[in-house]
Amino acid sequence: MATVVVVGAQWGDEGKGKIVDFLTEKADVIARYQGGNNAGHTVVVNSEKYVLHLIPSGILHEGKKCIIGNGVVITPPALITEIDGLKARGIDIGRNLLISKNAHIVMSYHIAIEKEGEKNRGGKKIGTTSKGIGPAYADKIARHGIRVIDLLTPDVFREKLATNLSFINFLLENLYKVAPLNADEIYTEYMKYAERLSSFVADTDIIINREIDSGKNILFEGAQGTLLDIDHGTYPFVTSSNTIAGGVCTGLGIGPTKINKVLGIVKAYSTRVGEGPFPTEMKGDLGEFMRQKGGEFGATTGRPRRCGWIDLLILKHAMRVNGLTGIAITKLDILDELDKLKICVGYRYAGKVYDEFPKEMSILENCEPIYEEIDGWKENTAGTKDSNKLPANAMKYIKKIEEALKMKVQIISTGQKRSEIMVLEELF
């Protein structure tokens with residue numbers, strides 16, 4: 001039996017979906033612990049591309065139990081669209097999908113208030129997806145939130161909706177100068193969602209603890225990555241939940257003693273989407289080459305991702321706050337055509353050298369990255385399934401990362417397909 005957390009070690013988009021999909025073969029339960037439909041996991045199975053936003057990637061394997069935990073915020077129309085889309089492609093949802101009673105609901109007014117708020121930031125935009133995720137988490141913390149169990153109790157839902165909307169409409173009309181929302185229309189709309197989703201709702205914390213205690217293999221997945229964590233990321237350019245491995249405990253209702261392994265997913269270079277500091281960002285033609293070569297466009301929004309060199313300060317930070325026990329390197333093949341590769345080993349700012357990731361945004365926004373340069377391999381690695389067949393310089397690159405982190409690379413991915421992967425150490 002093993003319980004394994006899969007977590008992004010950079011800004012998200014590291015290829016977690018593919019790794020989770022691959023590991024699902026030996027897992028019994030796959031559980032999502034945070035985030036909303038502001039992120040997406042892309043998985044390619046038999047040349048078929050699937051983009052999942054709320055449902056755990058394990059749903060693509062027959063008979064696997066998939067749980068959406070209490071730490072996730074759920075946008076009902078998005079989840080229903082996802083369910084219907086999978087069914088239309090022959091994926092049997094059945095009773096394989098379970099939704100926590102305590103998960104919070106993203107309401108239409110959350111989306112409205114976030115869009116207006118972001119517009120009013122002017123030149124200080126955070127780069128939100130405007131899907132209402134932040135306001136939904138804000139209501140959760142302020143104890144104004146509406147949970148799945150509330151949605152399934154019409155009288156409770158109507159009362160909470162009326163209370164919340166009175167304040168939201170005040171803001172929309174008086175601060176943002178836009179039309180108010182209609183409570184009756186929202187109630188009717190969300191009652192239809194409740195009817196569609198009610199059969200999936202369960203006490204997921206009880207279920208997942210029973211599965212762990214019975215010796216099942218459990219895979220925990222999140223969205224985004226370490227540097228988008230609300231506490232440990234590049235605040236305020238972060239998401240509104242705890243993306244790190246500790247979020248598993250609060251987001252699913254299990255104790256930390258029940259986690260065995262934490263696998264950090266590391267893209268062979270760096271990317272981030274939206275606003276915020278990015279010390280190793282590539283500018284000009286090289287950045288655009290990497291974007292096109294790597295298909296670096298957001299799975300949820302289609303926004304172009306910013307590309308940069310791999311950053312060891314970020315990875316050391318991720319190793320520490322997640323308690324990583326191993327790493328997986330993805331998209332190694334995207335570097336195949338480069339003559340030289342750069343590895344960021346430090347930052348220089350105001351005459352001082354930093355070898356640990358600083359928390360000050362002013363430093364991150366203005367520092368100069370310090371690089372080590374190594375030769376590229378100039379050979380095709382796409383689809384390679386045997387680490388012994390990787391070019392010598394590719395292995396040198398991987399060893400550099402291992403040595404800096406004092407941690408083993410357990411998995412290497414060299415393509416989008418489920419089969420384009422090599423396992424150096426088994427997790428289950």
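Residue numbers count from 1 along this sequence.
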Quick one: does any side-chain atom of S130 pair with a main-chain N or O of E114 as donor and acceptor, under 3.5 Å?
no
Taking the side chain as every heavy atom from C-beta outward, state whether L364 and P358 have any atom pair closer than 4.5 Å.
yes
Can you say whether the rings of F357 and H317 are parallel (under 30°), tilted (30 to 60°) or perpendicular (over 60°)?
tilted
Residue pair L324 / L315, side-chain heavy-atom distance below 4.5 Å
no
Run the salt-bridge test on R418 and E25 with the 4.0 Å N-O cut-off and return the result as yes or no.
no
Donor-acceptor contact below 3.5 Å, side chain K64 vs main chain A27:
yes
Roughly how far apart are I146 CD1 and N164 CG, rounded to 0.5 Å?
5.0 Å
Taking all non-hydrogen atoms of both residues, which atom of Y33 and which atom of N242 are closest, and how far apart?
CE1-O, 3.8 Å
Can you tell me how far CD of E221 sits from NZ of K16, rounded to the nearest 0.5 angstrom?
9.0 Å
CG/L60 to SG/C66 distance, rounded to the nearest 0.5 angstrom?
8.5 Å
Looking just at side-chain N and O atoms, do T280 and D311 make a donor-acceptor pair shorter than 3.5 Å?
no
Over all heavy atoms of both residues, which pair between C249 and I259 is shortest? Give the atoms and the distance, please.
SG-CD1, 4.0 Å
Would one find more than 12 heavy atoms of other residues, nucleotides or ligands at under 6.0 Å from atom NZ of K417?
no
Out of curiosity, N37 CG to K131 NZ, how far, rounded to the nearest 0.5 Å?
5.0 Å
What I want to find out is whether D28 reaches K65 closely enough, with some N-O distance under 4.0 Å, to be called a salt bridge.
no
Whether the side chain of K267 engages the backbone of Q10 through a donor-acceptor N/O pair (distance < 3.5 Å, no angle test) should be reported.
no
Sidechain-backbone polar pair: N182 side chain, E185 backbone, donor-acceptor under 3.5 Å:
yes
Does any non-hydrogen side-chain atom of Y190 lie less than 4.5 Å from one of S108?
yes
Between K400 and E403, does at least one N-O distance fall below 4.0 Å, as a salt bridge requires?
no
Stepwise side-chain contact (heavy atoms from CB on, under 4.5 Å) test for L228 and R272:
CA-CA 10 Å; L228 293 182; R272 80 168 298 172; 4.1 Å; yes
I need the K293 NZ to R291 CZ distance, nearest 0.5 Å.
15.5 Å
Within the side chain of E211, is there an N or O that forms a donor-acceptor pair under 3.5 Å with the backbone of I218?
no
Could you tell me whether a side-chain N or O of K331 sits under 3.5 Å from a main-chain N or O of G15, the two making a donor and an acceptor?
no
Without swapping roles, check the side chain of E14 against the backbone of V7 for a donor-acceptor pair under 3.5 Å.
no
Please indicate whether E195 has more than 12 foreign heavy atoms, meaning atoms of other residues, nucleotides or ligands, lying under 6.0 Å from its CD.
no
Applying side-chain contact (heavy atoms from CB on, under 4.5 Å) to I254 and N209, what does each step give before you reach the verdict?
CA-CA 7 Å; I254 66 162; N209 276 282; 3.8 Å; yes
Taking all atoms of both residues into account, what is the closest heavy-atom pair of L286 and W309, and its distance?
CD2-CZ2, 3.6 Å
Is D285 atom CG crowded by more than 12 heavy atoms from other residues, nucleotides or ligands, each under 6.0 Å away?
no
Which heavy atom of C307 sits nearest a heavy atom of E296, and at what distance?
SG-CG, 3.9 Å
Salt-bridge present (K408, E425; N to O < 4.0 Å)
no
State, yes or no, whether a side-chain contact exists between L341 and W377 at a heavy-atom distance under 4.5 Å.
yes
For atom CZ of R210, is the number of surrounding heavy atoms from other residues, nucleotides or ligands below 6.0 Å larger than 12?
no
Can you confirm whether the side chains of T226 and N322 place a donor and an acceptor under 3.5 Å from each other?
yes
Taking atom types as modelled and ignoring hydrogens, do the side chains of T414 and D333 form a donor-acceptor contact shorter than 3.5 angstrom?
no
Got a list of side-chain donor-acceptor pairs under 3.5 Å for residues 154-162, not counting sequence neighbours?
{"unit_1": "K160", "atom_1": "NZ", "unit_2": "D150", "atom_2": "OD2", "d": "3.0"}

For a side-chain contact (heavy atoms from CB on, under 4.5 Å) check, start with the C-alpha distance between W11 and R305, then their side-chain angles and the critical distance, and finish with the verdict.
CA-CA 10 Å; W11 276 284; R305 297 177 188 139; over 6 Å; no
Test item: side-chain donor near acceptor, H110 and D139, under 3.5 Å:
yes
Write down the atom of V20, the atom of S57, and the distance for their closest heavy-atom approach.
CG1-CB, 3.9 Å
Above 12 or not: heavy atoms from other molecules or residues under 6.0 Å from NZ of K378?
yes
So does I133 get a backbone contact from the side chain of N38, meaning a donor-acceptor N/O pair under 3.5 Å?
no
Could you tell me whether the side chain of V148 reaches within less than 4.5 Å of the side chain of I105, counting heavy atoms only?
yes
Determine, step by step, whether Y187 and L165 satisfy the side-chain contact (heavy atoms from CB on, under 4.5 Å) criterion, reporting the C-alpha distance in whole Å, the side-chain angles of both residues, the deciding distance to 0.1 Å, and the verdict.
CA-CA 11 Å; Y187 176 83; L165 208 55; over 6 Å; no
Inter- and intrachain pairs under ring-ring contact (aromatic ring centres under 6.0 Å, His included), touching residues 56-75, at least two apart
none
Does some side-chain heavy atom of L151 sit less than 4.5 Å from a side-chain heavy atom of V201?
no
Minimum side-chain heavy-atom gap L332-L390 below 4.5 Å:
yes
With a cut-off of 6.0 Å (strictly less than), are more than 12 heavy atoms of other residues, nucleotides or ligands near CD of Q416?
no
Got a donor-acceptor contact below 3.5 angstrom from the Y397 side chain to the A268 backbone?
yes
In the structure I gave you, are the side-chain heavy atoms of F289 and L338 within less than 4.5 Å of one another anywhere?
yes
So, taking the atom named OG1 in T239 and the one named CD in Q34, what distance separates them when rounded to the nearest 0.5 Å?
7.0 Å
Can you see whether K18 engages T330 through a side-chain donor-acceptor pair at a distance of less than 3.5 angstrom?
no
D386 and N388 have their tightest heavy-atom pair at OD1-N, 2.9 Å
Exam field: side chain N96 to backbone G94, donor-acceptor pair closer than 3.5 Å
no
